[in-house]
Amino acid sequence: GLMAQGVRVSVRGNDLGFTQYQSRLSMATRSPKDLADRARELFHTRYPWDSPVRAVTVSAIYLCPLSTPQQIDLFTDIERAERRDRLDSTVDSLRSRFGKRCIGPASTFGDLKMPDDGRDLVRMPGIMYQ
């Protein structure tokens with residue numbers, strides 16, 4: 001029930017140094033694609049590459065309710081954004097009903113030659129991860 005008005009990228013280098021970069025979005029969104037695209041752009045333009053990357057975390061920031069009115073600009077295709085939002089909602093409802101792997105990119109459903117009996121799944125010990 002929330003939309004993000006910004007994205008934050010946290011990067012931990014191989015030397016265990018930690019940096020964060022954040023940016024506002026031109027329009028609030030709840031689309032994973034919009035958030036990932038902005039995070040990727042932010043990471044590639046700001047990270048200095050002085051050490052190899054150990055971990056990258058992407059967070060949605062400046063959250064607001066879905067009912068918040070949006071100010072649109074001249075450069076945003078609002079019909080396309082609404083279609084993408086409906087598509088994301090449909091994908092979320094299908095995944096909640098039939099499981100996470102019921103729908104996804106076609107490139108991931110190819111012949112992966114991976115066992116499907118569950119032996120590739122990693123279960124963390126402890127009650128918190130069950």
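The first residue of the sequence shown is numbered 1, and numbering continues consecutively from there.
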Participant: Report the distance from atom OG of S23 to atom CZ of R46, rounding to the nearest 0.5 Å.
Facilitator: 8.5 Å
Participant: Identify the two heavy atoms, one from S31 and one from R84, that lie closest to each other, and give their separation to 0.1 Å.
Facilitator: OG-CD, 3.4 Å
Participant: Nearest 0.5 Å please: distance from the CD atom of Q5 over to the OG1 atom of T68.
Facilitator: 7.0 Å
Participant: Quick one: does M27's side chain get under 4.5 Å of I78's, heavy atoms only?
Facilitator: yes
Participant: Find the distance between CG (L66) and CG (L63) and round it off to the nearest 0.5 Å.
Facilitator: 10.5 Å
Participant: Minimum heavy-atom separation for L25 to A4, with atom names?
Facilitator: CD1-O, 3.7 Å
Participant: Find the distance between OG (S26) and CD1 (I72) and round it off to the nearest 0.5 Å.
Facilitator: 11.0 Å
Participant: Quick one: pull up CG in L42 and CG in L35 and give me the separation to the nearest 0.5 Å.
Facilitator: 12.0 Å
Participant: Determine, stepwise, if the pair K33 / D37 fulfils salt bridge (charged side-chain N to carboxylate O under 4.0 Å, His left out).
Facilitator: CA-CA 6 Å; K33 183 183 181 327; D37 289 344; 2.7 Å; yes
Participant: In this structure, would L16 and V11 fall into the same cluster of hydrophobic residues linked by side-chain contacts under 4.5 Å?
Facilitator: no
Participant: For residues Q22 and Y62, report the shortest heavy-atom separation together with the two atoms involved.
Facilitator: NE2-OH, 3.3 Å
Participant: Return yes when atom CD of Q71 has more than 12 non-hydrogen atoms of other residues, nucleotides or ligands closer than 6.0 Å, and no otherwise.
Facilitator: no
Participant: Parallel, tilted or perpendicular: which describes the rings of F43 and Y47, with under 30° parallel and over 60° perpendicular?
Facilitator: parallel
Participant: Linking I/L/V/M/F/W/Y whenever their side-chain heavy atoms sit closer than 4.5 Å, directly or via other members, would L87 and F98 fall into one cluster?
Facilitator: yes
Participant: With salt bridge (charged side-chain N to carboxylate O under 4.0 Å, His left out) as the test, would you mind laying out the steps for D92 and R95 before giving the verdict?
Facilitator: CA-CA 5 Å; D92 286 343; R95 286 180 177 162; 5.0 Å; no
Participant: Output yes when R38 and D34 qualify as a salt bridge under the 4.0 Å nitrogen-oxygen rule, no when they do not.
Facilitator: no
Participant: Does some side-chain heavy atom of R97 sit less than 4.5 Å from a side-chain heavy atom of C102?
Facilitator: no
Participant: Give me the atom names and distance for the closest heavy-atom approach of C64 to Q70.
Facilitator: SG-NE2, 4.5 Å
